[in-house]
Amino acid sequence: LFSIRKILETEAIIWLVDNLTFQHQEELKQLKAAHLQALTNRIDFREQALLDQKFHLALARMSGNSVLLRIMIQLIDLLTEVRTKTIRIPGRAEQSLREHVQIANAILDKEKDLARERMLYHLNSVERSIKQQLARDGEENVEV
């Protein structure tokens, strides 16, 4: 699942930066503000999961590729259970929020390579956290 996400979401970043509109910039600024507020106000796990989902789907939509968006919607559905577990890993939700802010900053600065690099870092970071948690829970053979 994460191998596919890394391919799709890092390319989506390239397409997004190449096609960045004023409306996209405004939406990214709003998403970034919501993330910063969530970091300050400590929102609950469910709200964090929804914010995470909203961020990733928004980037896919803003990429301008409707096929990618459809695939991402399907992947998000597959990720629901994983996201619920991930968000409860101590410190993971806050780390994801900070990583999302860094991705948004790079996009807003039109730093295509940096944005792609930050997305890849984020996905690798989440995958690593999940694998570590699954190993602690004795579920090492689960694919993520």
Side-chain angles (χ1 to χ4, degrees), residues 1-65 68-137 139-140 142-144:
L1 185 60
F2 272 86
S3 296
I4 297 299
R5 286 188 71 192
K6 289 172 196 174
I7 293 166
L8 295 175
E9 294 192 65
T10 57
E11 288 308 306
I13 292 290
I14 302 299
W15 298 330
L16 192 162
V17 174
D18 284 344
N19 299 300
L20 193 64
T21 67
F22 177 77
Q23 289 82 8
H24 294 153
Q25 291 172 329
E26 292 304 306
E27 185 175 354
L28 274 171
K29 288 175 186 176
Q30 290 174 0
L31 280 168
K32 180 179 154 184
H35 279 65
L36 292 171
Q37 184 176 10
L39 281 166
T40 303
N41 296 339
R42 299 282 191 175
I43 61 176
D44 69 28
F45 293 125
R46 189 172 32 96
E47 290 178 85
Q48 288 173 343
L50 288 172
L51 191 54
D52 181 81
Q53 178 178 320
K54 185 177 181 179
F55 181 79
H56 287 277
L57 284 177
L59 297 185
R61 182 178 37 75
M62 286 185 245
S63 77
N65 187 316
L68 171 69
L69 179 57
R70 291 177 129 195
I71 292 169
M72 283 302 300
I73 289 169
Q74 294 301 315
L75 287 177
I76 293 294
D77 287 345
L78 291 173
L79 277 170
T80 300
E81 183 180 340
V82 172
R83 179 177 281 109
T84 302
K85 287 182 179 183
T86 304
I87 217 82
R88 294 183 184 275
I89 297 171
R92 180 67 247 173
E94 292 83 5
Q95 184 175 347
S96 285
L97 291 170
R98 285 190 297 274
E99 290 167 0
H100 286 179
V101 169
Q102 292 175 341
I103 293 165
N105 284 339
I107 293 168
L108 289 167
D109 291 341
K110 299 182 182 179
E111 293 285 343
K112 189 175 5 185
D113 292 335
L114 181 59
R116 186 178 187 278
E117 179 183 308
R118 286 180 174 173
M119 177 58 81
L120 184 58
Y121 177 87
H122 168 62
L123 294 171
N124 282 328
S125 174
V126 173
E127 181 181 27
R128 206 170 27 258
S129 294
I130 292 169
K131 286 181 177 180
Q132 290 169 351
Q133 185 63 43
L134 290 173
R136 284 190 291 270
D137 294 345
E139 301 178 44
E140 296 153 359
V142 176
E143 270 193 59
V144 292

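The model shown is predicted, which means the values in this text are computed figures rather than measured ones.
Taking each heavy atom of S63 and W15 in turn, the nearest pair found is O-CB, 3.6 Å. Residue V126 comes nearest to S96 through the heavy atom pair CG2-OG, 3.8 Å, listed as atom of the first residue, atom of the second, then distance. The two atoms that bring H122 and H56 nearest to each other are NE2-NE2, 3.3 Å, heavy atoms only. Shown here for L51 and H35, the closest heavy-atom pair between the two residues is CG-CE1, 3.6 Å. Shortest non-hydrogen contact noted between A115 and I13 is CB-CG2, 3.3 Å. Considering all non-hydrogen atoms of both residues, L108 and K29 come closest at CD1-CG, 4.0 Å.
Under the 4.5 Å side-chain criterion, counting only non-hydrogen atoms from C-beta, L114 is in contact with E117. Contact of the M72 side chain with the L68 side chain is registered, since non-hydrogen atoms from C-beta on lie closer than 4.5 Å.
Note: L20 CG to D109 CG = 10.5 Å, rounded to the nearest 0.5 Å. Atoms CD and CE, on E9 and M119 in that order, are 5.0 Å from each other to the nearest 0.5 Å. Summarising the geometry, atom CG belonging to L50 is positioned 15.5 Å from atom CZ belonging to F55; distances are rounded to the nearest 0.5 Å. If you take CG on L16 and CG on N65, they are separated by 11.5 Å, rounding to the nearest 0.5 Å. Separation of atoms CD (E94) and CG (L97) is listed at 7.0 Å; rounding is to 0.5 Å. The OH atom of Y121 sits 13.0 Å away from the NZ atom of K6 when rounded to the nearest 0.5 Å.
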Next item on the list: For salt bridge (Lys or Arg N to Asp or Glu O under 4.0 Å), just list the numbers for E127 and R5, CA-CA rounded to whole Å, side-chain angles, deciding distance to a tenth of an Å, and then say yes or no.
Entry: CA-CA 10 Å; E127 181 181 27; R5 286 188 71 192; over 6 Å; no

Note to self: Evaluate E111 against R116 for salt bridge (Lys or Arg N to Asp or Glu O under 4.0 Å), listing each step before the verdict.
What the structure shows: CA-CA 9 Å; E111 293 285 343; R116 186 178 187 278; over 6 Å; no

Notebook entry, point to check: Passes side-chain contact (heavy atoms from CB on, under 4.5 Å), I107 versus I103? Steps please.
Noted result: CA-CA 6 Å; I107 293 168; I103 293 165; 3.8 Å; yes

Next item on the list: Give the intermediate values and the outcome of side-chain contact (heavy atoms from CB on, under 4.5 Å) for residues L31 and L59.
Entry: CA-CA 10 Å; L31 280 168; L59 297 185; 5.7 Å; no

Next item on the list: Walk me through it: do T21 and M62 pass the test side-chain contact (heavy atoms from CB on, under 4.5 Å)?
Entry: CA-CA 9 Å; T21 67; M62 286 185 245; over 6 Å; no

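A donor-acceptor pair shorter than 3.5 Å can be found between the side chains of H100 and D52. Between the side chains of R92 and S125, at least one donor N or O lies within less than 3.5 Å of an accepting N or O. In this structure, a donor-acceptor pair under 3.5 Å is absent between the side chains of R98 and Q95.
No salt bridge links E47 with K54; every basic N to acidic carboxylate O contact stays at or beyond 4.0 Å.
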